[in-house]
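Notes follow once the structure below has been shown.
Quick note on labels: first sequence line is chain A, next is B, and so on, each numbered from 1. Owing to the predicted nature of the structure, the values given are computational and were not obtained by experimental measurement.
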Number of protein chains: 2
Amino acid sequence: MNIEINFQSHVPIYSQVKDQIRHLINTGELQPGDQLPTVRQLAADLRVNFNTVARAYRQLDDDGIISTQHGRGTFILEPHSQKEAEQLRQLDMQRLTHYYLTEAHRLGFSPEEVRALFEEKFKQWMEDGEPPSEK
Amino acid sequence: MNIEINFQSHVPIYSQVKDQIRHLINTGELQPGDQLPTVRQLAADLRVNFNTVARAYRQLDDDGIISTQHGRGTFILEPHSQKEAEQLRQLDMQRLTHYYLTEAHRLGFSPEEVRALFEEKFKQWMEDGEPPSEK
DNA sequence: TGTATTATTGTATCTTTGTATGATTGTATA
DNA sequence: TATACAATCATACAAAGATACAATAATACA
């Protein structure tokens, strides 16, 4: 399970953790029933206080995405319905877009610049049939 | 770390703080990774309001000199020449765009769907003057 | 098998740290 | 003088960390 925190982004750490776990679920990398790392384990991996991870877990629990169980661990829940799963996927896409725009903004890019770069990469995607990679 | 404010000078305090921190970095007295005093600590030392120090820190953060992190503290970043900084900025933006497109793809969205959502959020950014947030 | 002990896991609470917003002060200028 | 603006301050807030605690699981041992 790969989660990465951007400490320079001003997006709160607990929020980044929440978003990325939801994303891992929506892409199927985390399956219902799977156990998440313990708050201390994940916190150690991310070099973050475990209360910060606990906060993310608690909010995901409140949202009915995962089940945190005192002394036992935390686990991925089943989506309540197919319709809800689709909603979660849409929300994930929204968050992805928000993150893209806010980070671009933080890096000092104007909307027009962002759009230009987006269009460029988008065109490549259309031509190649798959999104551009890191190289 | 020795910073001194000249209260007679008509150079704003936040500006004096900025200049002296930059100087301490340039002379090597502050190294990448070093933690700066907290806004309250430095403010107490200088007998100044902590918001004034926070203002200096925020502007240095905007300039990519330091990294201020809510609840954690503020830290010296690796120094870069103007040219390097610009290259890094472009690279970050490219990576960000790649990440956006590949993750959208992994979520199962078609290029057209991604573009539609991008355009929608982009429009909001233009209207509001700032990128849309989570709420 | 039963029970005590220890380790593991999440929780509650308070402190520390930066952030947001609006009021106050000083200064330049009409 | 009046008004506008920038710098600073006051206050309330939010994110993250430190510490102590509670629930469950794992182990040891009679």
Under the side-chain contact (heavy atoms from CB on, under 4.5 Å) rule, what do B:Met93 and A:Leu117 come out as? Steps first, then yes or no, please. CA-CA 9 Å; B:Met93 186 60 203; A:Leu117 221 149; 3.8 Å; yes
Just list the side-chain donor-acceptor pairs under 3.5 Å for residues 46-55 of chain A, sequence neighbours left out, or say none.
| residue | atom | partner | partner atom | Å |
| --- | --- | --- | --- | --- |
| A:Asn49 | OD1 | A:Asn51 | N | 2.8 |
| A:Asn49 | OD1 | A:Asn51 | ND2 | 3.2 |

Does A:Ile13 or B:Tyr14 map to a spot on DNA chain D nearer the 5' end, using the closest nucleotide for each? B:Tyr14
Without swapping roles, check the side chain of B:Asp19 against the backbone of B:Gln16 for a donor-acceptor pair under 3.5 Å. no
Whole angstroms only, please: what is the CD-C1' distance between B:Gln35 and D:dG17? 12 Å
Pairwise ring pair (Phe, Tyr, Trp, His ring centres under 6.0 Å) hits with a residue in residues 112-131 of chain B, at least two apart: A:His105-B:Trp125, A:Phe118-B:Phe118, B:Phe118-B:Phe122
Interatomic distance, B:Asn51 CG vs D:dA6 C1' [rounded to whole Å]: 15 Å
Sequence-distant partners of A:Asp45, side chain to side chain contact (heavy atoms under 4.5 Å, CB included), two or more places apart: A:Gln41
Contact residues, residues 63-75 of chain B to DNA chain D [heavy atom, < 4.0 Å]: B:His70, B:Gly71, B:Arg72
For residues A:Glu84 and A:Ser81, is any side-chain donor paired with an opposing acceptor at under 3.5 Å? no
I'd like to know if the side chain of A:Glu103 pairs up with that of A:Ser9 as donor and acceptor (distance under 3.5 Å, no hydrogens or angles considered). yes
Earliest and latest nucleotide of DNA chain C, 5' to 3', sitting under 4.0 Å from a non-hydrogen atom of chain A? C:dT9 to C:dT19
Distance alone, cut at 3.5 Å: any donor-acceptor contact between the side chains of B:Gln90 and B:Glu86? yes
For DNA chain C, determine which residues of residues 36-50 of chain B have any heavy atom closer than 4.0 angstrom to one of its atoms, and list them numerically. B:Thr38, B:Val39, B:Arg40, B:Phe50
Is A:Arg89 salt-bridged to A:Asp92, cutoff N-O under 4.0 Å? no
Treating A:Glu113 as the side-chain partner and A:Ser110 as the backbone partner, does any N or O pair qualify as donor plus acceptor under 3.5 Å? yes
